[in-house]
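FYI, side chains are in, hydrogens and waters are out, and symmetry mates aren't considered; it's all heavy atoms of this structure.
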Amino acid sequence: MDCDWMYCLNSDYLGIDEDKEKVKAFLKKAFYIEELDSENFYKNIVRPNITSIISNTSGSNDRYGDKNLDFVSYLDANYSLVFEKEKDADKFDSFILISETDCDIESDAAYIYGYDSELKDILDSEWFPTDTVNMCTSKYGSSKSILAIKAKKYVFANFFSEVISKELENINDTISSKGASVAFHTFVIDRLADLTDKQKEVMKGAKVYLYGNDDPSNRSDGHRILSESARELVSRGLVEFSDLDIIDPDYPIEDNEEYWKTCLGNEQFTLTDFISWLTDNTDTFYSTIEDKDSNLIFWRWVKGCNLSDQTLAKLPVLPLYLKTETDEYVDSNDTIYLSDDYIEEGGLETIVTSYHPEASFISDEYIADDDNINTWKDFWVKMGVRFEMVDILIDTIDNRLSEIDDAKLPATIAKYRLKLEEHYDGELISNLTDLRVRAHDGEFYWLSEIMYIDCEKDEPFKFIDLPTQASFTTADERKLIIDILSLVSRKIGTS
């Protein structure tokens with residue numbers, strides 16, 4: 001206040017009579033001297049001098065802001081009179097408020113808000129443009145007057161519409177790093193429940209960084225997001241999808257798919273998509289998982305995805321490590337057997353090597369601590385790794401039948417004939433023409449070289465010793481041999 005705005009009568013005048021009210025009435029009637037109350041003070045002193053008050057409470061006239069704070073306190077104390085009864089908010093349009101940095105806020109500033117700790121965090125954020133929003137000093141406390149004059153109360157949903165939506169292009173220009181972009185999207189995601197669907201759509205215009213790319217996309221819609229399983233593969237550093245328009249997995253995508261898919265309209269990059277990518281990039285990925293550690297990580301990941309048989313069948317040929325001392329690996333479509341480590345009773349390696357000494361056995365190093373071995377067994381079987389006797393017989397028939405001299409082999413084949421016929425689509429016999437059998441002289445011969453007497457009873461001529469004669473114990477064996485001999489046109493003697 002200036003000293004000439006009002007004068008205060010010396011209090012001694014009130015002592016001219018014991019009845020002070022009588023003295024006040026006299027002074028009012030004779031000299032028009034009013035008793036000063038809050039209403040008279042505002043109407044007769046403050047309001048007529050608002051322009052001067054604004055000048056006195058800002059700039060160099062109020063270097064430390066004390067007068068400004070004091071006047072706002074006065075307005076708060078008389079809020080009902082000034083802003084409700086007199087409705088004089090518009091008379092303070094030019095009033096200068098003080099910022100949190102103790103600077104004057106221009107009266108025509110576009111965005112002025114009362115102090116709020118969350119708003120302060122926003123203004124201090126890397127993603128928010130400097131000097132766009134002005135926030136009043138916290139020294140105003142919970143002042144209602146600054147809100148009545150021009151400052152707005154911070155409410156996120158309103159702030160989003162009033163500032164973020166309008167300044168999104170400015171925000172995009174301010175964001176110069178993936179970290180800042182991630183922080184911006186995270187901030188909105190954390191408050192997504194406060195926004196309407198229309199407000200959420202605004203974020204489609206926010207920039208976003210794509211996986212493997214240094215330059216951001218100007219929009220957040222129309223991209224791909226990694227599924228949880230695919231993100232795990234990326235996090236292990238096994239793959240790079242720089243050419244697939246995938247939003248960088250550093251964004252908080254997990255548990256926020258509503259935002260990325262529903263609100264922004266991005267599609268998920270699924271395991272099926274990964275397999276399609278893998279098919280197109282097999283050579284590159286093959287070389288990646290030739291490294292043993294990477295190989296173990298990858299196949300553990302595949303197993304953990306619980307893929308269907310049909311999906312597993314779509315995997316391209318990739319390396320699998322064997323149970324060897326030299327860390328050898330073979331293609332996944334090679335003939336591979338389960339090692340004894342995957343079978344509770346064991347013994348498979350012994351059986352297999354009796355037919356195929358150079359057989360390949362899957363490494364047991366794929367089994368991690370606390371893994372369930374049976375689940376690994378089931379997984380490898382789905383992948384085509386063999387472990388049943390039928391598998392051994394199929395491998396033997398297909399690859400080394402002519403090399404095997406095993407007296408028990410015909411009986412074993414006969415035992416599993418039905419399953420073998422199913423595998424060979426009814427053409428088992430035509431695949432057994434190289435079978436070798438042991439004759440009475442203890443030597444092994446091709447079936448075309450032996451003499452076989454078809455007799456289900458005792459042999460009629462036991463006293464005759466035919467060195468190349470062969471005989472078989474069970475009816476199933478004899479039937480198998482007859483069928484093979486019939487195919488190779490060997491004359492069969494009968495009794």
Side-chain angles (χ1 to χ4, degrees), residues 211 224-241 244 246-247 249-258 260-262 266-282 284-286 288-323 329-345 348 360-388 390-391:
Y211 184 71
R224 310 290 292 277
I225 58 173
L226 293 174
S227 64
E228 182 178 355
S229 297
R231 281 198 302 277
E232 181 182 352
L233 196 61
V234 169
S235 69
R236 300 298 185 103
L238 297 183
V239 294
E240 292 187 4
F241 300 122
L244 293 180
I246 293 174
I247 293 176
D250 284 349
Y251 288 90
I253 296 173
E254 188 176 358
D255 299 326
N256 296 298
E257 290 189 358
E258 177 196 355
W260 296 102
K261 292 172 64 176
T262 306
N266 297 296
E267 295 182 359
Q268 195 168 60
F269 183 83
T270 64
L271 290 175
T272 301
D273 296 316
F274 167 70
I275 291 174
S276 297
W277 174 89
L278 191 57
T279 301
D280 295 334
N281 297 271
T282 301
T284 300
F285 192 72
Y286 191 103
T288 298
I289 62 172
E290 282 180 308
D291 172 76
K292 187 174 183 180
D293 289 338
S294 298
N295 189 285
L296 297 178
I297 290 171
F298 172 71
W299 286 111
R300 288 170 182 168
W301 173 80
V302 173
K303 172 184 172 291
C305 290
N306 296 315
L307 301 177
S308 66
D309 294 358
Q310 294 83 353
T311 303
L312 286 174
K314 294 178 182 178
L315 285 172
V317 175
L318 295 169
L320 285 175
Y321 271 83
L322 304 178
K323 184 179 180 180
Y329 62 84
V330 296
D331 288 345
S332 54
N333 63 347
D334 281 8
T335 299
I336 309 171
Y337 292 93
L338 288 177
S339 61
D340 287 347
D341 306 274
Y342 293 92
I343 301 174
E344 185 176 353
E345 63 274 13
L348 183 64
S360 298
F361 297 93
I362 196 73
S363 172
D364 62 309
E365 292 187 64
Y366 289 104
I367 305 171
D369 293 340
D370 301 324
D371 275 358
N372 184 299
I373 294 178
N374 286 330
T375 62
W376 270 110
K377 175 183 175 182
D378 294 341
F379 170 72
W380 288 129
V381 171
K382 288 182 179 180
M383 283 295 301
V385 175
R386 305 180 182 191
F387 84 102
E388 292 185 341
V390 170
D391 297 326

For the backbone of [Y] and the side chain of [X], can you confirm whether one donor and one acceptor N or O come within less than 3.5 Å of each other?
X	Y	answer
Asp273	Thr270	yes
Asp391	Tyr337	no
Asn281	Thr284	no
Tyr342	Asp378	no

Rounded to the nearest 0.5 Å, what's the gap from [atom1] on [X] to [atom2] on [Y]? Could you check?
X	Y	atom1	atom2	result
Ile225	Phe269	CD1	CZ	12.0 Å
Met383	Asp309	CE	CG	11.0 Å
Ile275	Thr311	CD1	OG1	5.5 Å
Leu318	Tyr329	CG	OH	11.5 Å
Leu348	Arg386	CG	CZ	12.0 Å
Leu278	Leu271	CG	CG	11.0 Å

**Message:** Using the side-chain contact (heavy atoms from CB on, under 4.5 Å) definition, which of the options Gln268, Glu254, Glu257 pairs with Glu228?
**Reply:**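 Passing option: Glu254.
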How close do [X] and [Y] get, heavy atom to heavy atom, and via which atoms?
X	Y	answer
Ile336	Asp331	CD1-O, 3.8 Å
Ala368	Trp376	N-NE1, 4.4 Å
Pro252	Trp260	O-NE1, 3.1 Å
Thr375	Asn372	OG1-O, 2.6 Å
Ile289	Ser294	CG2-O, 4.0 Å
Trp301	Ser229	NE1-O, 2.7 Å

Is the closest side-chain heavy-atom distance between [X] and [Y] below 4.5 Å?
X	Y	answer
Leu238	Ile297	yes
Leu226	Ile246	yes
Ile362	Phe387	no
Leu296	Tyr366	yes
Val317	Thr282	no
Leu244	Arg224	no
Val302	Leu312	yes

Aromatic ring pairing [X]/[Y], orientation class (parallel under 30°, perpendicular over 60°, tilted between):
X	Y	answer
Phe274	Phe298	tilted
Trp299	Trp380	tilted
Phe285	Trp277	perpendicular

**Asked** If you measure from the Lys or Arg side-chain nitrogens to the Asp or Glu carboxylate oxygens, is any gap between Asp371 and Lys303 under 4.0 Å?
**Response**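 Judged by the 4.0 Å cut-off on N to carboxylate O distance, Asp371 and Lys303 do not form a salt bridge.
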**Prompt:** Are any of the side-chain nitrogens in Asp341 or Lys323 under 4.0 Å away from the carboxylate oxygens of its partner?
**Reply:**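 Yes.
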Within a radius of less than 6.0 Å around [atom1] of [X], do more than 12 heavy atoms belonging to other residues, nucleotides or ligands occur?
X	atom1	value
Glu290	CD	yes
Glu267	CD	no
Lys314	NZ	no

